[in-house]
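Working notes, beginning with the structure itself.
Note that these values count all heavy atoms, side chains included, but never hydrogens, waters or copies made by symmetry. First the proteins, then the strands, lettered A, B, ... as listed; each starts at 1.
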2 protein chains.
Amino acid sequence: MSETQPRTRIQKKNRVAILNAALDVFSQFGFRGSTLDQIAKTSGLSKPNLLYYFPSKAAIHVELLSGLMDTWLDPLRDLDPNGDPKAEILAYMRRKLEMSRTLPRESRLFANEILQGAPRMMAAIQGELKELTDEKAAVISGWMEAGKIARAHPYHLLFSIWSLTQHYADFDVQVRTVLGDLEADPFPDAETYLETLFSKLLTV
Amino acid sequence: MSETQPRTRIQKKNRVAILNAALDVFSQFGFRGSTLDQIAKTSGLSKPNLLYYFPSKAAIHVELLSGLMDTWLDPLRDLDPNGDPKAEILAYMRRKLEMSRTLPRESRLFANEILQGAPRMMAAIQGELKELTDEKAAVISGWMEAGKIARAHPYHLLFSIWSLTQHYADFDVQVRTVLGDLEADPFPDAETYLETLFSKLLTV
DNA sequence: CCTGATCCTGACCAATTGGTCAAACCTTGC
DNA sequence: GCAAGGTTTGACCAATTGGTCAGGATCAGG
C-alpha cells in the first residue's frame with residue numbers, strides 16, 4: 001500500500017519500522033549508496049514486504065525527506081520578532097544544537113542530500129527554507145538597524161548557526177575522536193563555547 | 001599496474017585523469033553510491049582500463065583519501081606558535097576558507113567519509129589529525145593563559161573553524177540558493193563575516 | 001468459525017555491479 | 001623497422017540490485 005495514511009495498526013507499526021530503518025541506512029550511505037536489502041534487514045522485514053508498504057526505494061526516501069524539512073525549520077520558526085534580540089538568537093542556536101543531539105540521523109540525512117546537490121530537495125530549499133530564511137533574516141536586520149545587536153551579515157549569521165550546530169551531528173565521529181573520549185558527551189562544552197561566540201558577536 | 005609511482009607519461013596522464021574523475025564522483029555520491037562505470041565515463045576511459053591502472057574501486061578511493069589528509073592539515077600546520085596569536089588564528093581561518101573555495105570536491109569527499117563513520121579514515125583521524133590538533137590546541141591554550149587572546153575552549157574553537165569554513169564547500173548549493181543568486185560568489189561576504197566573528201571572540 | 005480483506009513470502013526477473021581475461025593494439029628504444 | 005613491453009578493449013562472469021507476482025498465511029468482523 002502506498003497510502004500516506006496508515007489504515008490498520010499493523011500498517012502503522014510497520015511503516016514506522018521501515019522509515020526508522022531507512023533513516024539509519026540513508027543517513028549513513030546516502031540514497032544511491034543504500035540498498036533495499038540493508039533496509040529490510042535493519043527493519044526486520046522482508047524485501048518484498050517493504051515494497052508492500054512503499055512502492056519503491058525512492059518513495060521511502062522522499063517520505064523521509066518531506067517529513068524532514070518541517071522538523072528542520074521548526075527552531076527557526078520559533079524565533080520571535082518581539083523577543084529580546086540577543087536572547088532570541090542564542091535560544092535559536094540552542095534549539096538547533098539540541099536537534100543535533102537528539103536527531104543526529106536526520107541531520108546526516110539532510111547533509112547527505114545537500115552534498116549530492118539536493119536532487120530531491122531543491123524545491124523545498126528554494127521554497128520553504130528560502131522564504132523562512134528571508135523572513136527571519138529581515139527580522140535580524142531590523143534588530144541590527146535598531147541598534148539592539150551588533151551589525152553582521154544576517155544570512156551568514158544564520159549559515160554559521162546551521163554550520164556550527166549541525167557539525168556536532170554530521171562530524172560526530174571526528175569530534176569525539178579528536179576529543180579523545182568516545183563515550184564523553186561533547187555537547188555541554190559545545191553549548192558553552194557557542195554561547196560565548198555568539199554573545200560576543202552580537203554585543204554592541 | 002597498481003604501482004604508486006607512474007613509470008611512463010601515459011601512466012601519469014591516465015592516473016591523473018582517473019583520480020580526477022573519481023574525485024568528481026566519490027565526492028558527490030560517497031564510496032558505496034559511486035560506480036566504476038560513472039568514473040570510467042567521467043574520465044573518458046573504459047572500465048577495464050581503469051582496472052589496468054588501479055586494482056579495484058576501493059584502491060582508487062583509498063588513493064584519494066590518503067592524499068587528502070595531508071592537504072587537509074596543511075593550513076593548520078602553518079599555524080605559527082611564534083606569530084601574533086589573533087592574527088595567526090584569523091590567518092588559519094582564511095586559509096581554510098580558501099581551501100573550501102579552491103578544493104570543494106576534496107571537502108565533500110572528506111565530509112562524505114566522516115558522515116559514513118570514517119570507515120577508511122579512522123586511522124588517519126586518530127593519528128595525524130588528532131596529534132596535530134592536540135599540538136595546536138596546546139599552542140592556543142598557551143596564548144590564552146598568557147592573556148594574549150580571550151579564553152575559549154581550544155578544541156571547540158578549532159571545530160568551529162573547520163565547521164564554518166567547510167560549510168561553504170559542503171553546503172554550497174544551499175548557501176547559493178538561500179542567497180538567491182546562483183552565480184554570485186558567497187566567499188567575500190563569508191570571509192568578512194568570519195573575520196568579525198573570530199576577531200570579537202578572541203579579543204580580550 | 002467463516003469469510004473477505006489484509007499481510008507476507010519464496011521464487012523469480014532484467015539490469016547493473018565490480019572484476020577478469022585473452023587478444024589486439026600502440027610506443028618506444030634499438 | 002622491428003621486437004618487447006606497455007596499453008586498450010570486447011566479451012564475459014558471478015553477485016547484487018530494485019522490483020514483480022502468484023499464492024499462502026493471518027487477521028478482523030459478523
Side-chain angles (χ1 to χ4, degrees), chain A residues 1-65 112-113 116 119-120, chain B residues 1-65 112-113 116 119-120:
Chain A
M1 298 282 103
S2 66
E3 319 293 334
T4 307
Q5 273 303 348
R7 309 239 164 269
T8 75
R9 87 192 142 76
I10 298 183
Q11 262 178 52
K12 181 168 273 174
K13 183 188 53 141
N14 281 348
R15 284 181 59 96
V16 167
I18 291 169
L19 289 172
N20 184 52
L23 180 56
D24 264 5
V25 176
F26 283 138
S27 67
Q28 201 181 345
F29 301 108
F31 179 71
R32 301 206 19 182
S34 302
T35 71
L36 284 177
D37 289 287
Q38 281 179 291
I39 300 172
K41 184 183 278 187
T42 306
S43 68
L45 300 179
S46 69
K47 187 169 62 167
N49 208 8
L50 293 193
L51 295 161
Y52 171 74
Y53 288 102
F54 292 90
S56 67
K57 176 187 169 184
I60 303 178
H61 194 236
V62 165
E63 178 99 356
L64 281 176
L65 287 185
N112 251 309
E113 176 68 9
Q116 292 175 28
R120 295 158 197 272
Chain B
M1 299 287 101
S2 67
E3 319 293 332
T4 307
Q5 273 305 346
R7 309 241 164 269
T8 76
R9 88 192 141 77
I10 298 184
Q11 264 178 51
K12 183 168 274 174
K13 182 188 54 140
N14 282 345
R15 283 181 60 95
V16 167
I18 292 169
L19 289 173
N20 184 53
L23 181 55
D24 264 6
V25 176
F26 283 139
S27 67
Q28 202 181 343
F29 300 109
F31 179 72
R32 302 212 14 187
S34 303
T35 71
L36 284 176
D37 289 285
Q38 281 179 289
I39 299 172
K41 183 183 277 185
T42 305
S43 68
L45 300 178
S46 68
K47 188 169 63 170
N49 209 7
L50 293 193
L51 294 162
Y52 171 72
Y53 288 101
F54 292 91
S56 67
K57 176 187 169 185
I60 303 178
H61 194 236
V62 164
E63 178 99 355
L64 282 175
L65 287 185
N112 249 310
E113 176 68 9
Q116 291 174 29
R120 293 159 198 272

In the structure I gave you, are the side-chain heavy atoms of B/Q28 and B/D24 within less than 4.5 Å of one another anywhere? no
State, yes or no, whether a side-chain contact exists between B/Y53 and B/I10 at a heavy-atom distance under 4.5 Å.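 Yes - at least one pair of side-chain heavy atoms lies under 4.5 Å apart.
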Within the structure, does a side-chain N or O atom of [X] lie under 4.0 Å from either OP1 or OP2 of [N]?
| X | N | answer |
| --- | --- | --- |
| A/Y52 | C/dC8 | no |
| A/Q11 | C/dC7 | yes |
| A/T8 | C/dC7 | yes |

Between the side-chain atoms of B/K57 and the base atoms of C/dG19, is any donor-acceptor pair under 3.5 Å?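 Under the 3.5 Å cut-off, the side chain and the base do not form any donor-acceptor pair.
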Starting at atom [atom1] of [X], determine the distance to atom [atom2] of [N], rounded to an integer number of angstrom.
| X | N | atom1 | atom2 | value |
| --- | --- | --- | --- | --- |
| B/K12 | D/dG6 | NZ | P | 16 Å |
| B/R32 | D/dA15 | CZ | C1' | 14 Å |
| B/L50 | D/dG10 | CG | P | 13 Å |
| B/L51 | D/dG6 | CG | P | 19 Å |
| A/L36 | C/dA15 | CG | C1' | 15 Å |
| A/N49 | D/dC21 | CG | P | 17 Å |
| B/L45 | D/dT8 | CG | P | 7 Å |
| A/F54 | D/dT20 | CZ | C1' | 19 Å |

Among [options], which is the nearest nucleotide to the side chain of [X]?
| X | options | value |
| --- | --- | --- |
| A/S46 | C/dC8, C/dT9, D/dT8 | C/dT9 |
| B/P48 | C/dC7, C/dC21, D/dT8 | C/dC21 |
| A/D37 | C/dC7, D/dG18, C/dT17 | D/dG18 |
| B/N14 | D/dG19, C/dT9, D/dT8 | D/dT8 |
| B/Y53 | C/dG19, D/dT7, D/dG18 | D/dT7 |

Side-chain donor-acceptor pair present, A/Q38, B/R32, cut-off under 3.5 Å: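 Yes, a side-chain donor-acceptor pair sits under 3.5 Å.
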Identify the heavy atoms of B/L45 and B/I18 that sit nearest to each other, and give their distance. CD1-CG1, 3.6 Å
Between B/K47 and A/K13, which is nearer to the 5' end of DNA chain C once each is assigned its nearest nucleotide?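 That would be A/K13.
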Hey, is the main chain of B/R120 close enough, under 3.5 Å, to the side chain of B/E113 for a donor-acceptor pair? yes
